[in-house]
Amino acid sequence: MSNWIAFRFNVNSTVGHGHYTRCNEIAFQLKQLGYQTLAIIDSESSFDVTSSECYFNQCEVVSKITDIQDTIELYKTYQVLSILIDHYH
């Protein structure tokens, strides 16, 4: 059985810092419980996944045009147990 939990949010230098911070903290707590965490962001988003303060196991980028279809495919590929969407739309 998969133990992946996915997070869908956007973040860049001007927007989304609260979304990232909130999701990253939840990812930290889930990792303590043995889950793997997946960040799903769009192509205009950016954050340092190599930072010691980033708790996501994996990050995947989706197209702004096919966002929902790409997210669904990642959900299937990783056999995600649950997805948290922290998004403006």
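Index from 1, following the sequence.
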* Structure fact -> Contacts of Ser51 meeting side chain to side chain contact (heavy atoms under 4.5 Å, CB included) (sequence neighbours excluded), chain-then-number -> Asp48, Glu53, Cys54
* May I ask you to decide if the ring planes of Phe9 and Tyr20 are parallel, tilted or perpendicular, using 30° and 60° as cut-offs? => tilted
* Asked: Can you list the residues that meet the side chain to side chain contact (heavy atoms under 4.5 Å, CB included) rule with Ser82, with sequence neighbours excluded?
  -> Ile5
* Enter the distance from Leu74:CG to Gln58:CD here, rounded to the nearest 0.5 Å. => 9.5 Å
* **Beyond-backbone contact of Ile72 with Ile68, side-chain heavy atoms, under 4.5 angstrom** => yes
* Structure fact -> By side chain to side chain contact (heavy atoms under 4.5 Å, CB included), Tyr75 pairs with (sequence neighbours left out) Val80, Ile83
* Structure fact -> Sorted by chain and number, sequence neighbours left out, salt bridge (charged side-chain N to carboxylate O under 4.0 Å, His left out) with Asp70 holds for none
* To do: State the CD1-OG distance between Ile40 and Ser45, to the nearest 0.5 angstrom.
  => 12.0 Å
* Asked: Quick check: are there more than 12 heavy atoms from other residues, nucleotides or ligands sitting under 6.0 Å from CG of Leu33?
  -> yes
* Can you see which heavy atom on Trp4 is nearest to which on Thr37, and at what distance? => CZ3-O, 3.5 Å
* Output all residues satisfying side chain to side chain donor-acceptor pair (under 3.5 Å) with Tyr78, sequence neighbours left out; order by chain, then residue number. => Glu60
* Taking C-beta and beyond as the side chain, do Leu38 and Phe7 meet within less than 4.5 Å on heavy atoms? -> no
* Using a 4.5 Å cut-off on heavy atoms from C-beta on, say whether the side chain of Cys59 contacts that of Ile41. => yes
* What residue pairs, at least two apart or across chains, pass salt bridge (charged side-chain N to carboxylate O under 4.0 Å, His left out) with a residue in residues 35-45? -> Asp42-Lys64, Glu44-Lys64
* Qualifying salt bridge (charged side-chain N to carboxylate O under 4.0 Å, His left out) pairs, either residue in residues 2-12, two or more places apart -> Arg8-Asp67
* Structure fact -> When rounded to the nearest 0.5 Å, the distance separating CG of Leu84 from CG of Asp86 is 6.0 Å
* Structure fact -> Residue set satisfying side chain to side chain contact (heavy atoms under 4.5 Å, CB included) with Gln29, at least two apart, ordered chain then number -> Glu25
* Among residues two or more places apart or on two chains, list those pairs meeting salt bridge (charged side-chain N to carboxylate O under 4.0 Å, His left out) that have a residue in residues 28-38. => none
* Asked: Do Asn3 and Gln36 have a side chain donor and acceptor closer than 3.5 Å?
  -> yes
* **Residues that Tyr35 engages under ring-ring contact (aromatic ring centres under 6.0 Å, His included), provided they are two or more places apart** => none
